[in-house]
Amino acid sequence: MKKDYYLIDYAKLFFAFCIVAIHTNLLANFNQNVSFWVTQLVFRVGVPFFFISSGFFLGQKLNNVDYDYQESKKIIFSYCKRLGVLLVVFEPVSVLFSAYTKINLGMRSFSIVIELLQEILFYPKGALWFIQACMVGALLFLFFLKKKTKIMSIFFVSAVMYCSALFCNSYSFLIEKNIVLSHFVDLYMDVFLSTRNGFFCGLFYLMLGILCVKLLKRMTKRQSLFFVCCFFSLYATELFFLKANGGYPSRDDFSLFIFLPCFAFFLVLLLLQFNRYSEKGSVYVRNLSTGVYLLHSPINFFVSRIVLKILKVDNEWVFVVVSVCAVIICVWSYKSNNKLSKYLR
C-alpha cells in the first residue's frame with residue numbers, strides 16, 4: 001500500500017470546477033462585488049493549487065534520488081514527455097477553435113497566423129498554458145540543477161522572476177507613469193502575450209511544491225492552519241488595496257499576486273498532512289479533476305455558442321452544461337477504457 005493524499009485529490013476536483021467557473025463567467029450576472037470577491041478569493045486559488053501540488057509530487061521523486069542530476073534528468077524528462085503528449089493531443093483542437101474565432105472577427109490571414117504562432121509558442125489557450133508552464137518550469141529547474149545551483153538559490157531566482165511578472169499583471173498600475181518601463185511591458189505583452197508562463201510562474205510554483213516536500217515533516221497541522229489563515233487574510237487585504245488603488249482591472253488578467261502563492265502553499269501543505277495508506281486511493285477523483293480541467297475549454301467553445309447564443313440562457317447554465325458534459329465524457333472514457341481515457345488521467 002502507498003500513502004494516499006486524498007484531500008489533495010478532492011481539492012483538485014473542487015478547483016477544477018472553480019476554473020470552469022472562471023472560463024464560463026459563472027458569476028457574470030451576479031452583483032459585481034460578489035463576483036469579484038468570490039472569483040478572487042476562491043476561484044483564483046485553483047491554478048496555484050494545481051501548480052504547487054504538481055510540484056510536490058514531482059519534488060517527492062526528485063527528493064528520493066537526492067536531486068542527483070542524472071536521475072533527476074530521467075524523472076523530469078518522463079514528466080515532460082507525459083505533459084507533452086497532452087499538448088500534442090489538445091493543442092490542435094485549441095488552435096482550430098482560436099482560428100475560427102479570429103476569422104469570425106474579420107482578422108486578416110497574416111494576423112491570424114502570427115497570433116496563432118504566438119499562442120502555440122508562448123501562451124496556449126485554455127488549460128494548455130498551465131501544461132506548457134509546468135514543462136518549462138521543470139526544464140529550467142533541471143538547467144539550474146546541472147549548474148549545481150542550491151535549491152534555495154533556485155527558489156530565490158524563481159521568486160525574483162515571479163515578482164517581476166507582477167508589474168505586467170496586478171501591479172501594472174505602479175509603472176504606468178514610467179514611460180520606459182511601461183513601454184517595455186507593452187512590448188513584452190505584444191510579443192509574449194502574458195507573464196503566466198514557465199519562466200515567470202512555472203518555475204516559481206514548482207519550487208513552492210518542492211519546498212512542500214522539505215517542510216511537510218517539520219510542520220504540524222496547527223501550524224499549517226495558522227499560516228493558511230494568516231496568508232488568506234493578507235491576500236484579502238492585498239485584493240482590497242489593489243481594488244481601491246487602480247490595480248483592477250489590470251494589464252493582463254488580474255491573477256498574479258504577492259500573497260496568493262503563500263496562501264496556496266500553506267493550503268497544500270495543510271491538506272498534505274491528512275493522508276492514509278491505501279492500495280487504490282482516490283485515483284478516480286484525481287483522474288476526474290485532470291479530465292474536467294482538460295476538457296472544459298473545448299466543451300465550453302461549443303456550449304457557449306449553442307446554449308448561450310441560440311437558447312439565450314444565463315451563464316450559470318453554461319457552467320452546469322460544461323461541467324456535466326466534462327464529467328460524463330470522463331466517466332464514459334474511464335469505464336470503457338478507450339484511447340481517450342489515457343489522456344484524461
Side-chain angles (χ1 to χ4, degrees), residues 1-24 26 43 45-47 49-58 60-61 75 78-94 96-97 124-135 138 209 268 271-272 274-304 306-307 317-345:
M1 290 192 294
K2 62 180 181 178
K3 191 173 286 188
D4 173 34
Y5 299 101
Y6 63 99
L7 284 187
I8 290 290
D9 294 327
Y10 284 105
K12 284 172 69 177
L13 181 59
F14 169 75
F15 285 125
F17 287 115
C18 286
I19 293 167
V20 177
I22 292 175
H23 292 166
T24 56
L26 172 62
F43 296 169
V45 182
V47 170
F49 190 92
F50 270 103
F51 263 124
I52 296 170
S53 56
S54 178
F56 169 78
F57 292 112
L58 177 62
Q60 270 192 321
K61 295 177 182 179
I75 293 169
S78 174
Y79 174 78
C80 290
K81 181 181 178 181
R82 180 167 58 86
L83 293 178
V85 169
L86 296 179
L87 275 182
V88 170
V89 171
F90 289 97
E91 184 90 69
V93 179
S94 176
L96 284 174
F97 290 166
K125 293 286 187 179
L128 300 180
W129 78 266
F130 166 80
I131 295 173
Q132 186 189 74
C134 285
M135 293 173 63
V268 170
L271 297 184
L272 285 170
F274 293 87
N275 54 70
R276 62 192 178 193
Y277 287 93
S278 172
E279 290 183 3
K280 292 185 177 180
S282 47
V283 176
Y284 200 86
V285 175
R286 187 184 315 145
N287 290 342
L288 195 57
S289 66
T290 302
V292 169
Y293 184 78
L294 289 169
L295 287 175
H296 83 271
S297 287
I299 294 173
N300 184 39
F301 180 86
F302 285 111
V303 171
S304 61
I306 297 172
V307 178
W317 283 106
V318 177
F319 167 77
V320 170
V321 173
V322 170
S323 300
V324 170
C325 287
V327 170
I328 289 174
I329 292 172
C330 287
V331 172
W332 165 74
S333 65
Y334 299 151
K335 286 191 174 182
S336 60
N337 198 29
N338 55 31
K339 291 183 178 180
L340 179 62
S341 66
K342 66 180 181 180
Y343 304 119
L344 301 177
R345 299 178 186 272

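Positions are given from 1, in the same order as the sequence printed here.
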Apply side chain to side chain contact (heavy atoms under 4.5 Å, CB included) to the pair S94 and W129, showing each step before the final yes or no.
-> CA-CA 11 Å; S94 176; W129 78 266; over 6 Å; no

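- To the nearest 0.5 Å, atom CG of residue L86 and atom CD1 of residue I131 are 5.0 Å apart.
- Between F302 and F97, the distance from one ring center to the other falls under 6.0 angstrom.
- A donor-acceptor pair is defined here as one N or O able to donate and one able to accept, closer than 3.5 Å; no such pair exists between the side chain of N287 and the backbone of T290.
- F50 contributes atom CZ, which lies 9.0 Å from atom SG of C18 (distance to the nearest 0.5 angstrom).
- The two residues S53 and I8 make their nearest non-hydrogen contact at CB-CG2, 4.1 Å.
- Here the CG-CZ distance, from L26 to F17, works out to 12.5 Å after rounding to the nearest 0.5 Å.
- Residues L294 and V89 have side chains not in contact (no heavy-atom distance under 4.5 Å, counting atoms from C-beta outward).
- The structure places NE2 of H296 at 10.5 Å from CZ of F319, a figure rounded to the nearest 0.5 Å.
- The shortest heavy-atom contact between V292 and C330 is N-SG, 3.8 Å.
- Interatomic distance, S333 OG to L340 CG, rounded to the nearest 0.5 Å: 5.0 Å.
- Between F130 and F51, the ring center distance clears the sub-6.0 Å criterion.
- Looking at every heavy atom in both residues, C80 comes nearest to A138 through SG-CB, 4.2 Å.
- Across all non-hydrogen atoms, the minimal contact from P92 to V88 is CD-O, 3.0 Å.
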List the steps and the verdict of side chain to side chain contact (heavy atoms under 4.5 Å, CB included) for H23 and S297.
-> CA-CA 8 Å; H23 292 166; S297 287; 4.3 Å; yes

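- Of the inter-residue distances, the one linking Y5 atom OH with F274 atom CZ reads 13.5 Å to the nearest 0.5 angstrom.
- Counting heavy atoms from C-beta on, the side chains of L272 and V268 come closer than 4.5 Å.
- S289 contributes a side-chain N or O that, together with a main-chain N or O of R286, makes up a donor-acceptor pair within less than 3.5 Å.
- Between V322 and I299, the shortest heavy-atom distance links the atoms CA-CG2, 4.0 Å.
- For the pair V47 and F15, the minimum side-chain heavy-atom distance is 4.5 Å or more.
- Relative orientation of the Y6 and Y10 rings is perpendicular, given thresholds of 30° and 60° on the angle between their planes.
- Of all heavy-atom pairs between Q132 and P124, the closest is OE1-CD, 3.4 Å.
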Mind running ring-ring contact (aromatic ring centres under 6.0 Å, His included) on Y284 and Y334 for me, showing each step along the way?
-> CA-CA 9 Å; Y284 200 86; Y334 299 151; 5.6 Å; yes

